[in-house]
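A quick write-up on the structure given underneath.
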Amino acid sequence: MDINETLDSLRNEINGLKDARKNKLSMVVFSGDMDKLLASFVIATGAVAMGMEVVMFFTFWGTTALRDKKKRARGKDIFGKMFGFMLPKGTTKVRLSKMNMGGSGTAMMKYLMKKKNVSSLEEMIELAGELGVKIYICEMSMDLMGMKPEEMIDYPGIEIAGVAKFLEDAGESSVQLFI
Amino acid sequence: MDINETLDSLRNEINGLKDARKNKLSMVVFSGDMDKLLASFVIATGAVAMGMEVVMFFTFWGTTALRDKKKRARGKDIFGKMFGFMLPKGTTKVRLSKMNMGGSGTAMMKYLMKKKNVSSLEEMIELAGELGVKIYICEMSMDLMGMKPEEMIDYPGIEIAGVAKFLEDAGESSVQLFI
Amino acid sequence: MDINETLDSLRNEINGLKDARKNKLSMVVFSGDMDKLLASFVIATGAVAMGMEVVMFFTFWGTTALRDKKKRARGKDIFGKMFGFMLPKGTTKVRLSKMNMGGSGTAMMKYLMKKKNVSSLEEMIELAGELGVKIYICEMSMDLMGMKPEEMIDYPGIEIAGVAKFLEDAGESSVQLFI
């Protein structure tokens with residue numbers, strides 16, 4: 001093989017390695033607890049601010065945080081209605097995983113966040129959307145819990161996807177977290 | 001140094017980088033909750049289907065999911081017997097982390113999974129075994145909880161290992177998760 | 001471009017890729033549960049023993065484990081005092097996430113750890129400090145919970161930092177976990 005061909009092949013391999021690990025963060029947001037949701041959005045918006053590409057994949061209890069409290073979905077079966085009734089409807093209803101104390105712990109945390117000038121969860125989600133954080137909602141979770149696309153929040157580019165989408169993103173990310 | 005030697009050394013370095021980050025997923029399964037166990041096996045089987053090598057490292061409460069409800073271990077001390085009695089014995093006994101509601105939430109989820117054609121946890125574990133997902137059980141956890149190898153499920157290639165084994169696998173994986 | 005320049009540029013790119021993924025572990029310790037704290041320090045000390053650089057970033061409930069039970073902070077506002085009173089003060093007060101059973105499950109676990117020669121959480125933290133595990137405490141969490149630097153444990157090189165610090169470390173780590 002000629003020297004220039006060899007150099008080209010080495011360069012290609014190096015570029016392949018670069019593509020295999022981008023400056024990118026992929027997160028599974030499994031939890032629907034207020035504290036973990038806060039952590040995930042603080043990390044997400046912080047990462048975008050540092051120039052990283054960010055993808056969040058909401059699954060299981062996490063999906064409940066993305067419901068829009070003003071929207072309703074029709075044609076749900078009995079289980080969909082039950083889940084819809086029992087699970088928190090959107091970010092304003094999510095609770096702390098510890099010290100919720102019948103809601104007073106969560107209320108105290110919200111009060112403190114306001115007082116200390118920490119953005120609320122709703123503000124963080126809006127900011128994330130403006131900054132280009134990509135959000136996927138897990139197809140299987142929505143199907144299991146009987147949630148419908150029309151009851152989810154308006155968020156730029158929000159999509160429903162399967163586990164393969166997450167793995168594809170995670171595989172080329174420099175950072176991956178399961179929250 | 002001669003040009004061909006230089007090229008060879010660069011090629012070696014590139015191959016070293018490839019080995020340092022394989023198309024591989026390593027997971028710590030710390031949780032013994034049904035929902036998180038489901039998530040871990042959905043991710044594991046999905047990853048194998050995409051051509052990734054997959055290693056799961058079960059530790060702490062996660063180990064309880066790998067107990068075989070039909071097997072018994074002899075010669076346990078009092079603490080081993082207590083843990084054995086109090087902790088869920090295998091996948092059929094694990095519960096949701098939220099909305100368990102005295103078992104009815106977990107039962108509803110199982111019913112829905114069947115109805116929506118989502119494999120049960122037992123079926124997913126069997127599939128994972130057939131697909132070659134490697135499972136390690138944490139040595140320290142088994143020791144602490146007084147569990148014995150002879151009470152764990154039959155799973156192809158299942159092994160007991162220490163934290164070093166996980167770190168070795170995780171270090172060369174493109175994706176790592178703590179669930 | 002001359003052949004030697006080309007070789008140098010390839011070598012530089014390879015070195016860049018090496019720097020982008022060091023033999024390093026970055027962990028977010030979000031949980032304040034005894035079992036998860038144990039897992040994080042078992043992984044941290046195990047990783048250092050294998051020659052990895054280790055960084056732990058304590059946030060939210062995790063920060064409570066780093067409080068020194070003998071130290072007091074002055075000038076806290078009413079919320080800081082409330083959190084200070086309600087949250088566990090240091091490692092000796094943290095509890096299991098499951099099977100705490102009014103404290104008896106946690107006590108049993110501590111007894112078993114001693115009996116089976118597993119280091120206590122306090123001993124693990126001390127060992128981590130001696131081995132050079134770097135600990136950061138999340139600035140926003142401390143601010144929200146009204147915790148003060150002077151009430152945290154003595155630990156070599158402990159620092160308060162923001163989310164950007166974690167992302168910087170995680171981005172160049174071969175392994176990242178959210179615990």
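Lettering of chains follows the sequences in order, A, B, ..., and the numbering in each one begins at 1.
- Remark: B:K71 NZ is packed, more than 12 non-hydrogen atoms of other residues, nucleotides or ligands lying under 6.0 Å away.
- Applying a 4.5 Å heavy-atom cutoff, the residues of residues 155-179 of chain C that approach chain B are C:S174, C:V175, C:Q176, C:L177, C:F178, C:I179.
- Residue contact with chain B, scored on non-hydrogen atoms closer than 4.5 Å, involves the side chain of C:M50 exclusively.
- Note: B:L10 CG to C:L7 CG = 6.0 Å, rounded to the nearest 0.5 Å.
- For chain B, no part of C:M27 is nearby; none of its heavy atoms comes within less than 4.5 Å.
- The main-chain N or O of B:L17 is never found under 3.5 Å from a side-chain atom of C:R21 such that the two would form a donor-acceptor pair.
- Of residues 74-107 of chain C, those residues lying under 4.5 Å from chain B by any heavy-atom pair are C:L96, C:S97, C:K98, C:M99, C:M101.
- In this structure, the portion of C:A39 lying under 4.5 Å from any heavy atom of chain B is its side chain and not its backbone.
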### Query
Between C:L112 and B:M145, is a side-chain contact (heavy atoms from CB on, under 4.5 Å) present by the stated rule, with each step listed?
CA-CA 8 Å; C:L112 279 172; B:M145 298 186 181; over 6 Å; no
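- Of the atoms belonging to C:K115, it is side-chain heavy atoms, and not backbone ones, that fall under 4.5 Å from chain B.
- When the shell of 6.0 Å around NZ of C:K69 is examined, it contains 12 or fewer heavy atoms from other residues, nucleotides or ligands.
- Atoms CD and CG, from B:E13 and C:N15 in turn, are 6.5 Å apart once rounded to the nearest 0.5 Å.
- Here CG of C:N4 is found 6.5 Å from CD1 of B:I3. Values are rounded to the nearest 0.5 Å.
- Residue C:V42 touches chain B through both its backbone and its side chain, counting heavy-atom pairs closer than 4.5 Å.
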